[in-house]
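Here the structure is laid out as structure tokens; the discussion comes afterwards.
Residue numbers begin at 1 in each chain, while the letters A, B, ... track the order of the sequences.
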Amino acid sequence: MKYLSEYRDPQLAQTLARKIRLTATRRWTLMEVCGGQTHTIVRQGIDELLEGSIEMIHGPGCPVCVTPLEQIDRAVHLAGRPDVIFTSFGDMLRVPGSDCDLQQVRARGGAVKVVYSPLDALTLAERHPDKEVVFFAVGFETTAPANAMAVAEAARRGLRNFSVLVSHVTVPPAMEAILSAADNRVQGFLAAGHVCTIMGWTEYEPIARRYRVPIVVTGFEPLDILEGMLMVVEQLERGEYRVDNQYARAVKRDGNQAAQDTVNKVFELRDRQWRGIGMIPGSGLGIRPEYAAWDAEVKFDLAGIVANEPADCHAGEVLRGQMKPFDCPSFGSRCTPEHPMGAPMVSSEGACAAYYNYGRFRQGSPLANPAMTLPILATT
Amino acid sequence: MTTTSAPTPSIASVGLNCPTPHSTHDCVVLGHGSGGKLSAQLFRERFLPHFDNSVLRQQGDAAVLTVGNSRLAMSTDTFVVQPLEFPGGDIGTLAVHGTVNDIAMMGARPLYLTTGFVIEEGLPMDVLDRVIASMAAAAREQGVTIVAGDTKVVERGKGDGLFINTAGIGLLDADFAPSADQARPDDVILLSGPIGRHGMAIMSAREAIGFDTTITSDTAALWPLVDALRGATAGHVHVLRDPTRGGVASALNEIAAASNTGMMLDEASIPVPPDVLAACEMLGLDPMYVANEGVLVAIVPPEHADVALAALRAHPVGANAVRIGHVVAQHPRMVVMRTHVGGTRIVDMLPGDQLPRIC
């Protein structure tokens, strides 16, 4: 497919990597916000190519990882009810709650269905008027418009047996929280392209100014990432700090106004817990009171479900970029994808899963045998 | 969207905690059937302790049995695909190809099949007729004979339309015995065609997804390719495997584990059809783990690689065969890939099913 192969061209990638190494006069520390970008970086070995010039630290942009345990427990509770068909994106099925995950609920007889769009859940509700269909609305600004549309559409059709369990979070407050931390090391950001497709980048401009940090809206293919890194490094080298757009083929300055309108119609800003991180005020979305009839938290009595999270996992430090997965004392020993201690090891966008699945033989990994470490291709 | 006026906290000031999730299974989950780590664990921990014997322990695609002066390959497989008819094939053709391919991967010529049908009450008779007809046609095409069968009908709601089991038997030559434990450092890894077509064709036809595409299943019988390889290399083929459930990644991991070798792949050389790649990108799936039903992986000594590749390409089913990498000693039991941009990454077994991502 030309549209994809163009952004994976090995020669262009080598050229960009060389340019970054030549441009950087010192080792810069950048954060990619989005878990999808983390996976491209580790899966393609981009961090290996730039060792010495760029240190990539991985941000909290994995929607699965940051969904609070309490919300997973609520999902598990609802999915186990005999009158409920519980619908979710596939990623969420393996994320463990306090006692079990949605996959296990399904195996025990719960009606748990993977859908590819919240509108599919709406269709299920129409087909099963005798059941309550609940959709697990998880994610950043990227998934919020379709989830909002499903609620608005249910209201329009008068579909009373449909509701959503919302766990939406937004990116800018998390970036500010990271930059405000006393031990912050982030000098530049790759902003998540998909989020900016919806939101544009105007909300990043005050952050770039206030914290004097360059931010580049970046896509997800290897060449997108490399070009985004180069654009950040060029600003850093010149002492500049503004928002640039690498992902111009998908992102406009003001984003998608119609999508934003839909989100604003159904959702309002709320304080939100981030799993492994904690409460960030104004960082989430919740359903407006006028749509309460489609809010699963209002419709079902979920108040009694309170999760207690043990503190022997370092996922929080990984999620806020203060620890690399390799540096976690449990990485690859007590914590693996088969026996995960934290969501970043189980999620398809989690940083720990990326390091384990794609890079656990690399230098720095507690699992690497020096004889197994492989040289990267000559890049000069 | 409106913006908040709430003060932004420092993350350092908020609590750090993370749950300890549970991943032990007290009941079977769908991932146990994915062909990945959970499937292997199920076999190793549940079945093998009870059924253990020297033949089963070899864990080949088919069992190799000595009966009198003959060596036979025997295999069984059960097909539970939905929908029953999909672009490029149906459950009947799969049930024939799946089992004859398992036998062929041992280097045996498939001869006889048996079949068992579990039919759900209410299955339209014309669907059953079409499936039986296409099974018969697939068997005829391969020169295998269906010699015994069984039918059971279950109540509506107790099945998924139709399940088909096939078991097969084939004859081995004395001088040709590829097996997963025979991969050796420097061997060349060949792939007989593009990957991911079957899995994505099935997915595109599923009601819940239903994306428009021209992808058709690659389902095909592979004995002709095996026969061609045997002839071209004078039997010097170390390993054959058809990467079905779990895809090429799982098949190569199984070979690496069985032979205690490593695999080094070149991402750029692995053929993924553009429409398969596009569908995988859309759903967040890796084509290396998507099921195939008409390609094989052959691992051959380097001196026979060119002639083996030419033999594969001479047959229509293997016309697009390629080298995708080689066997190495450096990282035993691990499959590693040189990426498009020149980095390296592990290609691991998946813990369970590949699940489409959120965004």
Are there over 12 heavy-atom neighbours, none belonging to [X], within less than 6.0 Å of that residue's [atom1]?
| X | atom1 | result |
| --- | --- | --- |
| B:R46 | CZ | no |
| B:F47 | CZ | no |
| B:E45 | CD | yes |

Do [X] and [Y] have side chains that get closer than 4.5 Å, going by heavy atoms?
| X | Y | result |
| --- | --- | --- |
| A:P222 | B:H340 | no |
| A:R360 | B:D348 | yes |
| A:F361 | B:H331 | no |
| B:V341 | A:I46 | yes |
| A:R43 | B:T339 | no |

One option among A:E268, A:R108, A:K113 has the most heavy-atom pairs under 4.5 Å with chain B, and it is A:R108
Under the side chain to side chain contact (heavy atoms under 4.5 Å, CB included) criterion, do A:E221 and B:E281 qualify, and how do the steps go?
-> CA-CA 11 Å; A:E221 293 301 322; B:E281 289 290 329; 3.9 Å; yes
Answer with side chain, backbone, both or neither: which region of A:R106 has an atom nearer than 4.5 Å to a non-hydrogen atom of chain B?
-> side chain
Can you say whether A:Y356 sits under 4.5 Å from chain B via the side chain, the backbone, both, or neither, judging by heavy atoms?
-> both
Part of B:Q41 within contact of chain A (heavy atom distance under 4.5 Å) | neither
Between A:Q104 (side chain) and B:V29 (backbone), is there a donor-acceptor pair under 3.5 Å?
-> no
Quick one: do A:V42 and B:R345 satisfy side chain to side chain contact (heavy atoms under 4.5 Å, CB included)? Show the steps, please.
-> CA-CA 8 Å; A:V42 184; B:R345 72 157 167 118; over 6 Å; no
